[in-house]
Amino acid sequence: MAEAIFRNWTQQHSDDWGHKPVLAHHNLHENPLFTREALAALIESYPVDHYALVHVSHRADKSRVWREGERGELSGTEVIDWIAAGKLWLNLRRVAEVDSRYRDLLNAAFDEMEARIPGFSTFDRSMGILISSPNASVPYHSDLPGQSLWQIAGSKRLYLYPTDEPYLPQAELERIALYGIEVDMGYDPKFDREALIVDLQPGQMMTWPLNAPHRVENHDCLNISVTTEHWTADIRRQQQVTMANGVLRNFLGIRPRSRRISGPGFAAKAALQAAFRRTPWLKQQRRARRPIDFRLAPQKPGEILDIPAYTR
Ligand SMILES: [Fe+2]
């Protein structure tokens, strides 16, 4: 049998899973798939449609300008060096679909979790590798699938918030389901009083209750992290209720009161959201991806060059 991925797993981890934030210890940071050399080779062979390379700057009014770009002629090692020197992040999305070695690892990790957590059964597992600059941050947001964040190198501060009002207004969650808006949630610095704050170190993994809002601040070092997403039958039902409630609130003027995931109310909502998914409206509203309009600047670590914008 292959070596276990988790270390020091206790009954408490199994008991808390899905209800409370869980901090676990893993060995991905020692896995040969995540050395600089392995990641550099992966970057060089990565399909252009599957990665997102984002540059972040700030306007005079402090609002963020996010631009998406390409690695150009740089080697994988240079790409990592440019991220270490710049204001960038690279997301190697859906790596399990791109490379079977990572798919096998993803499946081994979830198989191990399922063996340790009674009743936990997942489908549609996915993995991304996120390489991000020192001091980069991810704004306050909430995700629809189950989420875990695994630290490989560097360290980052994770802020996790409660799943009730005012931290997670249902109308905002419904908007994420309807419009696919990933990072557009109202944040108040006062929320931090109730946040669970964790400095995530290599070998640590954090997972949290479904939809719990969170934000991330890298410490002053290059960060390499893995994000995994998963669905369970329960999470899928929650997602159906969220979308149906969004349709009720936004299109039918009815304020939804229930988040039940069983019984006749749920059945009606499951049918409502299924009908809604078949309308062309949904596709029209999904935001198109940003155009590609920069390339990493050769010879100038951390810098970018403007190129004529194109879309994939
Ligand atoms: Fe997230």
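Along the sequence shown, the residues carry numbers beginning at 1.
When atom types are taken as modelled, the side chain of His13 and the backbone of Leu23 share a donor-acceptor pair closer than 3.5 angstrom. Side chain of Asp143 to backbone of Asn211: no donor-acceptor contact under 3.5 angstrom is found.
Taking a cutoff of 4.0 Å between a charged side-chain nitrogen and a carboxylate oxygen, Glu70 and Arg295 qualify as a salt bridge. Under 4.0 Å is where a charged nitrogen must lie from a carboxylate oxygen, and between Arg237 and Asp234 at least one such pair does. Arg249 and Glu174 are joined by a salt bridge, as a carboxylate oxygen and a charged side-chain nitrogen come within less than 4.0 angstrom of each other. A salt bridge links Asp192 with Arg215: the distance from a Lys NZ or Arg NE/NH1/NH2 to an Asp or Glu carboxylate oxygen falls below 4.0 Å. Salt bridge status for Arg7 with Glu30: present, with a side-chain N to carboxylate O gap under 4.0 Å.
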Practice item. Could you walk me through whether Arg67 and Asp306 pass the salt bridge (Lys or Arg N to Asp or Glu O under 4.0 Å) test, one step at a time? Key: CA-CA 10 Å; Arg67 297 172 61 184; Asp306 293 342; 2.7 Å; yes

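Every residue two or more places apart in sequence or in another chain that forms a side-chain contact (heavy atoms from CB on, under 4.5 Å) with Ser126 is listed here: Glu229.
Residue Trp89 forms a ring pair (Phe, Tyr, Trp, His ring centres under 6.0 Å) with just one option from Trp82, Trp66, Tyr51, and that option is Trp66.
Counting only residues at least two apart or on different chains, the side-chain hydrogen bond (donor to acceptor under 3.5 Å, both in side chains) pairs with a member in residues 115-124 are Glu112-Arg116, Glu114-Thr122, Thr122-Arg125.
Proximity of the aromatic rings of Tyr140 and Phe191 is defined here by a centroid distance below 6.0 angstrom, and this criterion is met.
Relative ring orientation between Tyr161 and Tyr187 is described as perpendicular, the plane-to-plane angle rising above 60° on a 0-90° scale split at 30° and 60°.
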